[in-house]
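Whatever order the structure lists them in is the order used to number ligands and atoms, beginning at 1.
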Amino acid sequence: MRDIVEELEERRRIARLGGGEKRIEAQHGRGKLTARERLDLLLDPDSFEEIDMFVEHDCQEFGMQDNKVPGDGVVTGWGTVNGRPIYVFAKDFTVFGGSLSRAHSKKINKVQDMALRNGVPIIGILDAGGARIQEGVDALGGYAEVFQRNTLASGVIPQITMIMGPCAGGDVYSPALTDFIFMVRNTSYMFVTGPDVVKTVTNEEVTAEELGGAKVHTSKSSVADGAYDNDVEALTELRRLIDFLPLSNRTGVPERPTFDVRDRVEHSLDTLIPDNPNMPYDMMELVEKVVDEGDFFEIQKDFAKNVITGFGRVEGKTVGFVANQPMTLAGVLDSDASRKAARFVRFCDCFDVPIVTFVDVPGFLPGTAQEYGGLIKHGAKLLFAYAEATVPKVTIITRKAYGGAYDVMASKHLRGDFNYAWPTAEIAVMGAKGAVEIIFRNSTEEEIAAQTAQYEERFLNPFVAAERGYIDEVIQPHNTRRRVARALALLSSKKLDNPWKKHDNIPL
Ligand code: HXC
């Protein structure tokens, strides 16, 4: 008996070494942690339970029958983050470059199936060279089995990917099917084909960083939702994000104790809006003053900065925030901002996360660049997302709500539950000058000035909308947190169903 116990420990020791000391050293030399070190940081101490530690590949080609490593390049299992369960798989770059074989994919599939069945989120940590070249079509099939499960789990359990090394081919398409992707600056890359293939096919010379580094994917392509300086920071922030998320679409949002009171009055908000309507101000100040303890997790911070998206809590419960940001492009809605906000709204709706929307939007961005780029279709994505959402929706117009953008930003007409406006709100088809120049095209300058003043007086306020019931109440800025908190508490029992359908046809 003792021998068997010792043998088990010896087998475990070998498996835990992965590709061996030298490759672990090389991994550290590149500024990266190993798969197991990453799991240690992500999960609560002693909570990790490994599954399939001794699985090996069965490839018989290229001498692979004599080259086997227990675990086959991916560490799988489950553990807890602040006491709440999650499933994990972490690719081990020290074993065949973390590449995916048939056996490796079956290990991932097993935890994917368990996570879906049990209604628990799944986190993938990727640092891998794509399909195991020696396995050929078995590896391709293996990827497709992962993709299929990613797709079926979408909207049922949160799926998050950490890109923590080079990722190519199949190792970028699985992440793209998950809810959030985070990268590490200078050590992680994502591309369908690497710089060498790019050179051969298109003759472009490009570095891995320029082609698919964290900066490209968080600020240009919007493939990734955030980037961090190193593995430790990335995994610590991931723990913070997980604390905001429901376990599945059946559980509702998590609740945490908070010392922040519902009635916290913020007098500074009464002077947030500048006297000059064309002056910007920082909408983030409002977000941070409304959420519990100023704790806000921003999603896609470096992309389409004209709209803010992210998670906060109100009275201990998770809320999704969408807010126009007047500091960038006056908070206008363009294609990028519309796509970014639409995806976020849909995540919230999938997982029963209530949505609070702060509106200060001068409209959709005009111009050929936007129209040729499909602004109509991208803008429609946001419209569609808000219109189909059945979660509680609380909207506050702080200043401008002009034109189609007024409709889109969770207006009453899109089943907004509580639609409030600050006294500084301007709800109109467009700004005064533009409106008057169209209506009074052939008038003198004096007449236009007089008409502009009249238009401002009549329309650039919240009261016309309030008279019609499109705004439920004009509120004092300093009471915004209290209003939002009371509305959300009331709406916790909201029930609203959309007509039955197989699925919708959102304009993609
Ligand atoms: C088998 C692989 C491998 C792979 C790396 N290795 N990629 N083994 N299959 N795909 C092994 C190497 O042989 C090496 O083994 C170890 O991993 C580390 O690799 P290095 O090249 O030494 O490391 P580095 O210089 O850091 O480069 C990492 C890399 C590079 C950028 C990932 O290895 C690379 O370009 N790999 C191939 C990427 C690729 O084209 N994959 C196929 C994509 S197509 P030793 O024993 O020396 O430690 C695909 C199809 C699916 O994925 C598509 C579905 C839609």
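- In this structure, the separation between CD1 on I51 and CH2 on W78 is 9.0 Å, given to the nearest 0.5 Å.
- Once rounded to the nearest 0.5 Å, the distance linking CD1 of I157 with CD of Q159 reads 5.5 Å.
- Counting protein heavy atoms under 4.0 angstrom from atom 20 (P) of ligand 1 gives zero.
- Counting heavy atoms under 4.0 Å from ligand 1, residue T94 does not touch it at all.
- Annotation for ligand 1: atoms under 4.0 Å from non-hydrogen atoms of Q134 are 1 (C), 9 (N).
- Residue contact check: L140 has heavy atoms under 4.0 Å from atoms 50 (C), 51 (C) of ligand 1.
- Distances from atom 27 (O) of ligand 1 to the heavy atoms of Y143, F191, F93 put F93 nearest.
- Atom 26 (O) of ligand 1 has its closest protein heavy atom at R30 NH2, 3.3 Å.
- Salt bridge status for R132 with D138: absent, with no side-chain N to carboxylate O gap under 4.0 Å.
- For atom 13 (O) of ligand 1, no protein heavy-atom neighbour is present inside the 4.0 Å cut-off.
- Each ring pair (Phe, Tyr, Trp, His ring centres under 6.0 Å) pair with one or both residues in residues 95-138, not counting sequence neighbours, appears once here: H57-F96.
- Near R132, the atoms of ligand 1 lying under 4.0 angstrom from a non-hydrogen atom of the residue are 9 (N).
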Show me the donor-acceptor pairs within less than 3.5 Å that the side chains of residues 364-375 make with the rest of the protein, sequence neighbours left out.
unit_1	atom_1	unit_2	atom_2	d
Q370	OE1	S335	N	2.9
Q370	OE1	S335	OG	3.2

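- Taking a distance limit of 4.0 Å, we find that atom 9 (N) of ligand 1 is approached by some protein heavy atom.
- Inside a 4.0 Å radius of atom 52 (O) of ligand 1 there is at least one protein heavy atom.
- Between D52 and K106 there is no salt bridge, since no side-chain N of the basic residue sits under 4.0 Å from a carboxylate O of the acidic one.
- In this structure, atom 30 (C) of ligand 1 is not in close contact with the protein, since no protein heavy atom lies within 4.0 Å of it.
- When the heavy atoms of A208, G129, G170 are ranked by distance to atom 7 (N) of ligand 1, first place goes to G129.
- Comment: R346 engages E388 in a salt bridge, judged by a side-chain N to carboxylate O separation of less than 4.0 angstrom.
- For ligand 1, the atoms lying closer than 4.0 Å to a non-hydrogen atom of G130 are 52 (O).
- The proximity of S99 to ligand 1, defined as any non-hydrogen pair under 4.0 Å, is limited to the side chain.
- K199 has a carboxylate O that lies under 4.0 Å from a charged side-chain N of E205, or vice versa, which qualifies the two as a salt bridge.
- In this structure, atom 46 (O) of ligand 1 has protein heavy atoms in its sub-4.0 angstrom surroundings.
- At a threshold of 4.0 Å, the pair D231-K32 does not count as salt-bridged, since none of the basic side-chain nitrogens sits closer than that to a carboxylate oxygen.
- At the shortest separation from atom 6 (N) of ligand 1 among protein heavy atoms lies F96 O, 3.7 Å.
- Aromatic pair H413/Y406: ring centres closer than 6.0 Å.
- Salt bridge status for E9 with R13: absent, with no side-chain N to carboxylate O gap under 4.0 Å.
- Of the possible polar contacts, none joining the S154 side chain to the N150 backbone as a donor-acceptor pair under 3.5 Å is found.
- Between the choices G142, A26, G97, the shortest heavy-atom distance to atom 16 (C) of ligand 1 belongs to G97.
- Close contacts between ligand 1 and R23 involve ligand atoms 45 (P), 46 (O), 48 (O) [criterion: under 4.0 Å to a heavy atom].
- Within a 4.0 Å radius of atom 33 (O) of ligand 1, the protein has no heavy atom.
- Within the 4.0 Å heavy-atom shell around ligand 1 one does not find Y189.
- Residues L245 and P121 are not in side-chain contact: their nearest non-hydrogen atoms beyond the backbone lie 4.5 Å or more apart.
- Remark: ligand 1 atoms within the under-4.0 Å shell around heavy atoms of G169 are 49 (C), 52 (O).
- Taking any N or O of P166, backbone or side chain, none lies under 3.5 Å from an N or O belonging to ligand 1.
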